[in-house]
Amino acid sequence: MASKNVSAKHILINVLVTLVAGFIYFYFELPPLNFHSAQFYSFFLFIAVVYCVTAVVTSGIYRQAENGRSFWQLLKQSCFVPLIIIAAVVVIYLVGGLLSSVILRAGAYSELLSLEEGNFTEEIEEISFDQIPMMDKKSAEKLGDRKLGELSDMVSQFEVSDQYTQINYNNRPVRVTPLEYGDIFKWLNNRRQGLPAYLVIDMVTQNVDVVRLPEGMRYSTCEHFGRNLYRHLRFQYPTFMFDEPTFEINDDGTPFWVCSRIVKRIGLFGGTDVEGAVLVNAINGESQYYEEVPNWVDGVYSADLIMEQYDYHGTYQGGFINSIFGQKNVTVTTQGYNYIAMNDDVYVYTGITSVTGDQSNIGFILTNQRTKDTRYYEVAGAQEMSAMASAEGVVQHLHYAATFPLLLNVNDQPTYFMALKDNANLVKMYAMVNVEQYQIVATGASVSECKSNYLKLLLDMNVVEDTSIPVGDNTVTGVITDIRSAVIEGNTVYYIEVDGSGPYYSIAAAAEPGAVLLNPGDVVRVLYASGEEESGILLATKVTRVPAVLPEEPAENSPAEVPKEPSAAA
């Protein structure tokens, strides 16, 4: 009877230790209570192992066992249920992993991402300068750190988070990122007020705005205990699996955390996809789950997930065996991606290349990060890395490094656009590289100068013709009535007025060396880019002097040359 009481006491101790260990594990690891999550089974595996280890200690099994066999027999008597759980978890891992593998489900993996084919020149419109992101995340981080250093009331207590989410805010491409506590002691000093501000970095002008929040952000990834974003989500949505939260702001500037809900489409553990998102107000912690997220949200599907799903599509559309042997029509994404804002949404861009790695692209995809709508454009040409190397070669004496490019439509020519940065990750110049003929490279200290130089190269190399530019809208011929010059970022730019009416036409001397010889009174023909007017100035792509038309000399012995004899009356 006494031994039974001791046995019950041991069981109670084992259970209490297991519950405490399980609570600590759950509180810090936050596994979702979802059968499709591997973390869920790891949680039960941990609990079962803790119970078995505790039972070995409290029951003295390690002292009673004479050999391995007797130890196993005693362990089964004390831990029968936990051992069953451990065995079940191992079986689930093996069977679930096999049923979710691409070997058996290659077709299902290839269908995770649906693509529609598009026409590049018809669907990709020429984007205006104020919509082209001029820098990458590293450059934005440099600007953000520098801005925080200017804020004497914050720099000693806070740091800038590495979020730097690219969004479309008020029709401008920007990156937004919150502040975070410098360390645990600074969290203790400031947690009552919360995080006081976030940064908005304009990707075009490179201006950094500090948006101060009187109420402070009390829910973030750098908080602790109940206000930690991960813990806040887990206790409110215990069964949801989440992707890494991203920081965004709505149209009113209110900060939110966008927490995409992860689901598994294939078998038990395979086919990662997104089904809606939970939006958490970073100030007060209020949250709501949306199957269809509001339009102001830009980043529901991460770029990494989109790349992964396309690689499944391109690799396994012909089956698993074809992906290894033969590899007919097997394609993958290139090593890198970038973002571009269009139609009030943010799109992920990446090139598509053959799996054989022939250093050329066969096309590219644009994917809406909010809806996952994906279009494939068949545009053959150089890979992004080759274009980056080509641009860096032009400025090799300056040792600038190129950012991963964007693909733009410039005068119906697929064109890589990239920033050129110095060793301090600051943008110094810009480059445009023709996709199909990547030896055509133009650079400029400003985007307008870069584009002007690029269009001139296209004309000079007969890639496009003057007639490809509509004469009625993009050509003007007349007399120069005024010409002015200014040095901008070390480059001389000429501003030309024609016939004294309408705007001035600007062109850099580097793009048109003959501009230095122009004078008022010269007759010129100006090609310019429509839609780029700003403050009465249009960007010229080419200025050509036109010979003045002289009056024809009268023919010899022409009646007009014979003076009339004075009449008798005269």
Side-chain angles (χ1 to χ4, degrees), residues 22-48 85 88-102 105 108-109 111-114 163 165 219-223 226-248 256-282 285-294 297-312 348 367-372:
F23 175 79
I24 294 173
Y25 181 93
F26 185 88
Y27 188 81
F28 287 100
E29 293 299 321
L30 304 172
L33 304 181
N34 190 305
F35 291 113
H36 291 281
S37 170
Q39 291 178 292
F40 172 74
Y41 299 100
S42 297
F43 175 56
F44 280 96
L45 182 64
F46 174 81
I47 290 175
I85 293 175
V89 169
V90 172
V91 171
I92 290 172
Y93 272 141
L94 294 175
V95 176
L98 180 62
L99 296 177
S100 307
S101 68
V102 295
R105 307 293 302 276
Y109 275 94
E111 295 174 355
L112 285 171
L113 184 67
S114 299
Q163 280 276 326
T165 310
Y219 292 83
S220 68
T221 56
C222 65
E223 280 284 355
R227 281 170 29 182
N228 177 270
L229 180 64
Y230 302 107
R231 192 164 293 114
H232 182 67
L233 285 168
R234 178 56 58 230
F235 289 142
Q236 287 199 328
Y237 304 91
T239 64
F240 280 19
M241 296 182 290
F242 291 104
D243 201 352
E244 188 66 21
T246 58
F247 182 79
E248 293 195 27
F256 279 85
W257 292 99
V258 179
C259 311
S260 302
R261 181 190 179 188
I262 294 294
V263 294
K264 301 294 183 176
R265 304 288 190 194
I266 303 171
L268 196 60
F269 303 126
T272 303
D273 204 359
V274 170
E275 191 174 277
V278 174
L279 304 186
V280 181
N281 187 307
E286 294 180 356
S287 64
Q288 185 171 349
Y289 169 64
Y290 296 87
E291 288 191 11
E292 295 186 6
V293 297
V297 177
D298 289 316
V300 178
Y301 292 84
S302 69
D304 290 335
L305 179 60
I306 293 168
M307 302 303 104
E308 177 184 89
Q309 290 194 353
Y310 181 85
D311 286 341
Y312 284 140
V348 176
T367 302
N368 188 314
Q369 277 197 284
R370 179 172 57 85
T371 64
K372 206 179 75 168

Under the 3.5 angstrom rule, does the side chain of [X] hit a backbone N or O of [Y] as a donor-acceptor pair?
{"X": "Q309", "Y": "S114", "answer": "no"}
{"X": "H36", "Y": "L268", "answer": "yes"}
{"X": "N228", "Y": "E223", "answer": "yes"}
{"X": "E248", "Y": "G299", "answer": "yes"}
{"X": "R231", "Y": "Y27", "answer": "yes"}
{"X": "T367", "Y": "V348", "answer": "no"}
{"X": "Q163", "Y": "F247", "answer": "yes"}
{"X": "Q369", "Y": "Y301", "answer": "yes"}
{"X": "Y41", "Y": "V90", "answer": "no"}
{"X": "D273", "Y": "V263", "answer": "no"}

So, taking the atom named [atom1] in [X] and the one named [atom2] in [Y], what distance separates them when rounded to the nearest 0.5 Å?
{"X": "M307", "Y": "S302", "atom1": "CE", "atom2": "OG", "result": "9.0 Å"}
{"X": "Q39", "Y": "F46", "atom1": "CD", "atom2": "CZ", "result": "14.0 Å"}
{"X": "R261", "Y": "D243", "atom1": "CZ", "atom2": "CG", "result": "13.5 Å"}
{"X": "S220", "Y": "H232", "atom1": "OG", "atom2": "NE2", "result": "11.5 Å"}
{"X": "S101", "Y": "F269", "atom1": "OG", "atom2": "CZ", "result": "12.5 Å"}
{"X": "E275", "Y": "K264", "atom1": "CD", "atom2": "NZ", "result": "13.5 Å"}

I'd like to check [X] versus [Y] (side-chain heavy atoms, cut-off strictly below 4.5 Å). Are they in contact?
{"X": "S42", "Y": "Y25", "answer": "yes"}
{"X": "F256", "Y": "N281", "answer": "yes"}
{"X": "Y312", "Y": "L113", "answer": "no"}
{"X": "L279", "Y": "P294", "answer": "yes"}

For the residue pair [X] and [Y], what are the closest heavy atoms and their distance?
{"X": "Y219", "Y": "W257", "value": "O-NE1, 2.9 Å"}
{"X": "G271", "Y": "L112", "value": "CA-CD1, 3.8 Å"}
{"X": "F240", "Y": "R234", "value": "O-NH1, 2.9 Å"}
{"X": "R105", "Y": "G267", "value": "NH1-N, 3.7 Å"}
{"X": "V300", "Y": "V274", "value": "CG1-CG1, 3.6 Å"}
{"X": "L229", "Y": "V280", "value": "CD1-CG1, 4.0 Å"}

Could you check whether atom CZ of F35 has more than 12 heavy atoms from other residues, nucleotides or ligands sitting under 6.0 Å from it?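 No.
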Quick one: do the E244 and Y230 side chains pair a donor with an acceptor below 3.5 Å? yes
Assess whether side-chain hydrogen bond (donor to acceptor under 3.5 Å, both in side chains) is satisfied between E308 and T272, documenting all intermediate values. CA-CA 9 Å; E308 177 184 89; T272 303; 4.6 Å; no
Using 30° and 60° as the class limits, which term best fits the ring planes of F40 and F44: parallel, tilted or perpendicular?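 Aromatic pair F40/F44 classed perpendicular.
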